[in-house]
Amino acid sequence: MSAHELRRSVMSALSTVTHPTTGSDVVSAGNVQDLHVDEDGSVTFGFLLRGDDPGDMVKRARETAEDVAGVTSVKVNVQLPQMTPAGSSGGPGGGLKPGSVPAPTPKPGLLGSVGHVVAVSSGKGGVGKSMVASNLAAALALAGHRVGLLDADIYGPNIPLMFGEERRPQVSGAKGSEMIEPLEAHGVRLMSLGFLLDKDQPAIMRGPLIAGILKQFLEQVAWGALDVLVVDMPPGTGDAQLSLVQTIDLDGAVMVTTPQEVSTGDVRRGIKMFERVNTRVLGIVENMAGLACPHCDEVIDVFGTGGGEALAKEMKIDFLGRVPLDPAVREAGDAGRPTVVGAPNSAAALALVGVTDAVQERLGILVPS
Ligand SMILES: Nc1ncnc2c1ncn2[C@@H]1O[C@H](COP(=O)(O)OP(=O)(O)OP(=O)(O)O)[C@@H](O)[C@H]1O
Ligand SMILES: [Mg+2]
């Protein structure tokens, strides 16, 4: 087959790739640009990523081209529109009335258009940040939003594992303009900075050094259109955290603490770090606040609760809710599911949905049910 004929076959294959809501195909809609086919069967084209992209159009287009007989390789160069996308549609999967949520706007440095970027942070490690971040993301997706979750821990891809995802993300595109496609589970697009490092590679990267690599990495993740991107922050308030906060243009931070940790200065330092870089702290979540009794419906106050709320009052920020220690969290987690998906009726899940409502309210994206 000549290159000319092969080009025609690729073009006609691509015209079967359609947008799930508009129904138009990527060729007539002008997404596919500069399609080039070489004698050796290598295919290159540009893909214009619009604000209403459901997140998998590039992947579907690439896979479709790869399946054409005679094609030996496919390179896709993702391009972003010059202007803010107008009139973006609502999220997939229902729950959202079109127009009820403002269209996502492009964030500098992020590939795709992202409405709100929210960090989940804490003063200390092990207080349940990743648990809150995963459930916030999953509950936002259940509410009908298009959601991404970035695991900002460079020491291992925790979050994808918490979503039962063991694959590594796919990289496509020409050298120098590679693009990383997020994984997807439970309606959430997932990416981890842990993919930057191999397991047995020494973690020598420190704050300022990370910032540059991080920026480049983030610019290459094809999020598509998102209403909310949740960022699970590494613990602490050091260099690494500060450069992260400055690299990602955050709209707000959710601080997680526990009854035991409230009295330490760590959570205050965390809040002050965000205030110093003018990032709005959306509020405090008190996690491991009491034990949800597996035998009755009661929450047993083991260590004393209420410290998170008192601290919020003292620091003049909002209190977003308290989440009890609940065996359902671990059980759902072991099955690779966020609690709100795996054990939606558990005390922890109900509390986490309440926290999610509080976050949506503060971002102005709460859809009345
Ligand atoms: N409310 C809860 N009920 C039961 N288990 C919980 C709860 N919150 C967190 N856990 C468990 O506690 C452990 C620590 O939680 P998680 O990994 O979310 O903390 P983290 O703050 O992200 O930690 P790190 O600082 O190491 O990233 C996990 O095993 C998690 O499943
Ligand atoms: Mg964590």
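When reading the values below, keep in mind they use all heavy atoms of this one structure, side chains included, and skip hydrogens, waters and symmetry mates. What you are looking at is a predicted structure, and each value in this text was computed from that prediction instead of being measured.
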For the pair [X] (side chain) and [Y] (backbone), establish whether a donor and an acceptor sit closer than 3.5 Å, ignoring hydrogens and angles.
X: E286; Y: G308; answer: yes
X: N287; Y: V256; answer: no
X: H186; Y: G336; answer: yes
X: R189; Y: P182; answer: no
X: R362; Y: A358; answer: yes
X: R146; Y: V228; answer: no
X: D251; Y: V117; answer: yes
X: H19; Y: T21; answer: yes

If you compare all heavy atoms of [X] against all heavy atoms of [Y], which two are closest, and at what distance to 0.1 Å?
X: S9; Y: V68; value: CB-CG1, 3.9 Å
X: S134; Y: I159; value: OG-CD1, 3.7 Å
X: A138; Y: V341; value: CB-CG2, 4.0 Å
X: T258; Y: V127; value: CG2-CB, 3.6 Å
X: A143; Y: Q360; value: CB-OE1, 4.1 Å
X: L183; Y: P160; value: CD1-CB, 4.3 Å

Next on the checklist: Can you confirm whether R337 is buried at CZ, in the sense that more than 12 heavy atoms of other residues, nucleotides or ligands lie under 6.0 Å from that atom?
Outcome noted: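 Counting other residues, nucleotides and ligands, CZ of R337 stays at 12 neighbours or fewer.
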Next on the checklist: Is it the case that atom CD in E166 sees more than 12 heavy atoms from other parts of the structure closer than 6.0 Å?
Outcome noted: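 For E166, atom CD is not crowded (no more than 12 foreign heavy atoms under 6.0 Å).
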Item to check | Residues forming a side chain to side chain contact (heavy atoms under 4.5 Å, CB included) with E5, sequence neighbours excluded | outcome: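 Per chain and number, E5 pairs via side chain to side chain contact (heavy atoms under 4.5 Å, CB included) with M1, S2.
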Quick check on the hydrophobic clustering: are [X] and [Y] connected, directly or via other members, by side-chain heavy-atom contacts under 4.5 Å?
X: L325; Y: V299; value: no
X: V114; Y: V245; value: yes
X: L150; Y: L161; value: no
X: V285; Y: I365; value: yes

Residue pair [X] / [Y], side-chain donor-acceptor N/O under 3.5 Å:
X: S130; Y: D232; answer: yes
X: H36; Y: D34; answer: no
X: S28; Y: D25; answer: yes
X: K129; Y: S122; answer: yes

Item to check | Non-neighbouring partners of D334 that pass salt bridge (charged side-chain N to carboxylate O under 4.0 Å, His left out), sequence neighbours left out | outcome: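 Counting only residues at least two positions away or on another chain, D334 forms a salt bridge (charged side-chain N to carboxylate O under 4.0 Å, His left out) with R330.
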Item to check | Non-neighbouring partners of R60 that pass salt bridge (charged side-chain N to carboxylate O under 4.0 Å, His left out), sequence neighbours left out | outcome: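 With sequence neighbours excluded, R60 shows a salt bridge (charged side-chain N to carboxylate O under 4.0 Å, His left out) to D56, given in chain and number order.
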Item to check | Inter-residue atom distance L291.CG - D301.CG, 0.5 Å rounding | outcome: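 Separation between the atoms: 10.5 Å.
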Item to check | Step-by-step side chain to side chain contact (heavy atoms under 4.5 Å, CB included) determination, M288 to V323 | outcome: CA-CA 6 Å; M288 308 188 186; V323 182; over 6 Å; no
Quick check: do [X] and [Y] have side-chain heavy atoms less than 4.5 Å from each other?
X: I284; Y: I271; value: yes
X: L140; Y: V230; value: yes
X: L136; Y: V120; value: yes

Give every donor-acceptor pair under 3.5 Å between a side-chain atom in residues 343-352 and any protein atom, sequence neighbours left out.
from, atom 1, to, atom 2, distance (Å)
S346, OG, A343, O, 2.7
S346, OG, A349, N, 3.2

Checklist entry - side-chain hydrogen bond (donor to acceptor under 3.5 Å, both in side chains): which pairs involve residues 271-281, sequence neighbours left out? => result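 Residue pairs with at least one partner in residues 271-281: there are none.
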Checklist entry - With sequence neighbours left out, what residues match F274 under ring-ring contact (aromatic ring centres under 6.0 Å, His included)? => result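 Counting only residues at least two positions away or on another chain, F274 forms no ring-ring contact (aromatic ring centres under 6.0 Å, His included).
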Checklist entry - Salt-bridged, R62 to E181, with N to O below 4.0 Å? => result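 Judged by the 4.0 Å cut-off on N to carboxylate O distance, R62 and E181 do form a salt bridge.
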Next on the checklist: side chain to side chain contact (heavy atoms under 4.5 Å, CB included), that's the test. Do V254 and L320 meet it? Break it down for me.
Outcome noted: CA-CA 9 Å; V254 170; L320 303 173; 3.9 Å; yes
